[in-house]
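Notes follow once the structure below has been shown.
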Amino acid sequence: MHISDYGYTAPSDYSPCLPARVVGEHRGRYQIVCDAGAGFATLRGGAYYYGGETFPTVGDFVLLAWQQAGDSAIMRTLPRRSCFARRDPTPGRVAQAVAANFDTVLVAQSLNQDFNLSRLERTLALALQSGGAPVILLTKADLCADAQPYLAAVRQRFPDVPALAVSAATGAGMAGLAPYLAPGRTLVILGSSGVGKSSLINALLGQDAQATAAIRAQDGKGRHTTTARQLLMLPGGAMIIDTPGMREMGLLFAREGLRDSFAPVEELIGRCRFSNCTHTCEPGCAVRRAGKRHAGRGAMAALSGAAGGIRPRGAAGRQA
Ligand code: GDP
Ligand code: ZN
């Protein structure tokens with residue numbers, strides 16, 4: 001195992017620390033990989049709780065005081081090249097990252113009655129702010145007699161964003177993902193519940209899917225592929241980050257009426273009455289309440305400005 005296989009390109013002269021990548025997170029305990037091996041690590045308290053160090057999330061590169069036996073200590077979080085974050089429900093903390101250091105954001109929308117250019121636009125705006133490069137993925141192409149008109153509409157509206165139609169069920173179009181699946185590259189999928197994210201991940205994992213599920217069941221981190229927090233290594237050497245936080249981000253954009261800028265809406269996550277709120281049917285849901293209140297503006301401002309580069313987080317939402 002080599003850290004560069006996990007997409008690490010920065011210097012490696014952090015001796016005596018080792019650069020490592022966070023590949024999983026379970027209740028404050030991090031699963032990490034580094035040149036010395038794979039294992040678990042916890043945060044070096046002082047730096048994180050008093051020193052203002054950025055709390056790591058799945059995908060982060062960190063500096064590790066490696067321990068052959070027992071948990072290693074995470075000393076520092078290295079600068080991120082991309083990340084998705086939401087408001088942290090913990091008082092005193094500002095943002096909670098849910099995925100970091102990805103290259104590509106697959107913005108997924110399914111071709112069976114889910115297709116909606118305005119929602120695609122809002123999701124793309126969020127993707128552009130993350131620092132990752134968006135790719136539009138029209139999923140379940142097998143359920144659509146002809147995907148071409150949809151692809152044409154998408155390409156006309158977003159000429160600078162690559163767009164593909166794929167079917168995880170039949171494999172059609174999946175070869176088009178090859179440019180984003182080079183060894184060491186990291187992907188995330190952003191899309192509402194049911195667009196086929198799990199199916200895509202399983203298709204990309206191929207025969208490894210069963211093995212991965214088995215490993216997870218074994219260490220008791222839950223049997224369902226959609227709830228574990230993790231960075232998965234794909235057979236070709238690319239990686240995909242699949243965390244509940246990422247799924248919650250996708251969910252935001254499924255709700256009709258969430259047309260306002262996304263930053264304020266993101267902040268609402270964590271303000272719902274129930275901490276595990278899915279923002280679908282629970283009482284006291286701050287996200288749905290806001291959805292009813294907000295009306296009007298889409299994320300066009302963010303997208304039209306995107307050609308000039310990626311804006312700082314929240315800037316698009318404040319644009320007139
Ligand atoms: P997620 O919630 O985004 O992870 O979506 P899932 O991967 O769980 O898929 C939701 C549903 O769509 C499941 O019933 C899948 O079997 C189905 N599905 C996913 N991908 C495809 C596809 O390419 N073709 C068809 N026909 N069904 C699909
Ligand atoms: Zn809610």
Side-chain angles (χ1 to χ4, degrees), residues 24 58-59 84 86 98-99 102 104-116 119-120 122-124 126-127 130 132 134-151 154 163-178 180-181 186-213 216-217 221-232 234-235 238-256 258 269 276-282 287:
V58 175
F84 280 116
R86 60 179 180 179
V98 295
F102 41 85
T104 304
V105 183
L106 300 177
V107 177
Q109 202 167 82
S110 81
L111 281 166
N112 63 327
Q113 295 163 0
D114 178 58
F115 186 77
N116 178 320
R119 175 149 38 82
L120 188 56
R122 297 195 296 276
T123 316
L124 272 174
L126 179 71
S130 73
V135 173
I136 297 167
L137 210 57
L138 302 179
T139 63
K140 308 193 191 180
D142 59 294
L143 296 180
C144 174
D146 185 8
Q148 285 313 315
Y150 293 95
L151 272 177
V154 162
L164 300 166
V166 300
S167 167
T170 66
M174 293 288 286
L177 285 170
Y180 316 106
L181 295 172
T186 304
L187 300 88
V188 290
I189 309 181
L190 198 56
S192 40
S193 183
V195 298
K197 295 183 295 295
S198 304
S199 306
L200 271 168
I201 292 170
N202 286 335
L204 292 171
L205 282 167
Q207 296 184 334
D208 284 11
Q210 292 305 326
T212 311
R216 246 176 270 137
K221 304 300 182 210
R223 19 181 225 301
H224 199 241
T225 51
T226 60
T227 53
R229 298 181 166 220
Q230 59 214 336
L231 177 147
L232 299 166
L234 301 176
M239 290 149 281
I240 195 152
I241 297 176
D242 182 25
T243 69
M246 274 306 300
R247 285 176 177 262
E248 202 167 54
M249 290 238 142
L251 198 63
L252 271 181
F253 289 82
R255 302 283 146 245
E256 236 11 91
L258 288 186
I269 297 185
N276 60 350
C277 187
T278 62
H279 322 301
T280 49
C281 55
E282 294 84 350
V287 172

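Below, all heavy atoms of this structure are taken into account, side chains as well, without hydrogens, waters or symmetry copies. Counting starts at 1 for both ligands and their atoms, following the listed order. Throughout, residue positions are numbered sequentially from 1 according to the sequence presented.
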Open item on the list: If you measure every N or O of Gly196 against every N or O of ligand 1, does any of those distances drop under 3.5 Å?
Closed with: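 Yes, at least one N or O pair falls under 3.5 Å.
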
Open item on the list: Is there a polar contact, in the sense of an N or O pair closer than 3.5 Å, between Ala169 and ligand 1?
Closed with: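 The answer is yes, given that Ala169 and ligand 1 share an N or O pair closer than 3.5 Å.
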
Task: Atom indices of ligand 1, in the order listed, that fall short of 4.0 Å to a heavy atom of Leu143 - done: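 Selected atoms, number and element: 26 (N).
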
Open item on the list: Distance under 4.0 Å to a non-hydrogen atom of Ala168: what atoms of ligand 1 satisfy this?
Closed with: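 Per the distance check, 23 (O).
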
[atom1]-[atom2] distance between [X] and [Y], expressed to the nearest 0.5 angstrom:
{"X": "Leu205", "Y": "Ile240", "atom1": "CG", "atom2": "CD1", "value": "8.0 Å"}
{"X": "Thr186", "Y": "Leu232", "atom1": "OG1", "atom2": "CG", "value": "11.0 Å"}
{"X": "Leu111", "Y": "Leu137", "atom1": "CG", "atom2": "CG", "value": "9.5 Å"}

Open item on the list: Applying side chain to side chain contact (heavy atoms under 4.5 Å, CB included) to Leu181 and Leu187, what does each step give before you reach the verdict?
Closed with: CA-CA 8 Å; Leu181 295 172; Leu187 300 88; 3.7 Å; yes

Task: Contact check, Ser193 vs ligand 1, heavy-atom distance below 4.0 Å - done: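 Contact check Ser193 vs ligand 1: positive.
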
Task: pair Leu200-Leu106: side-chain heavy atoms closer than 4.5 Å - done: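 They are not in side-chain contact.
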
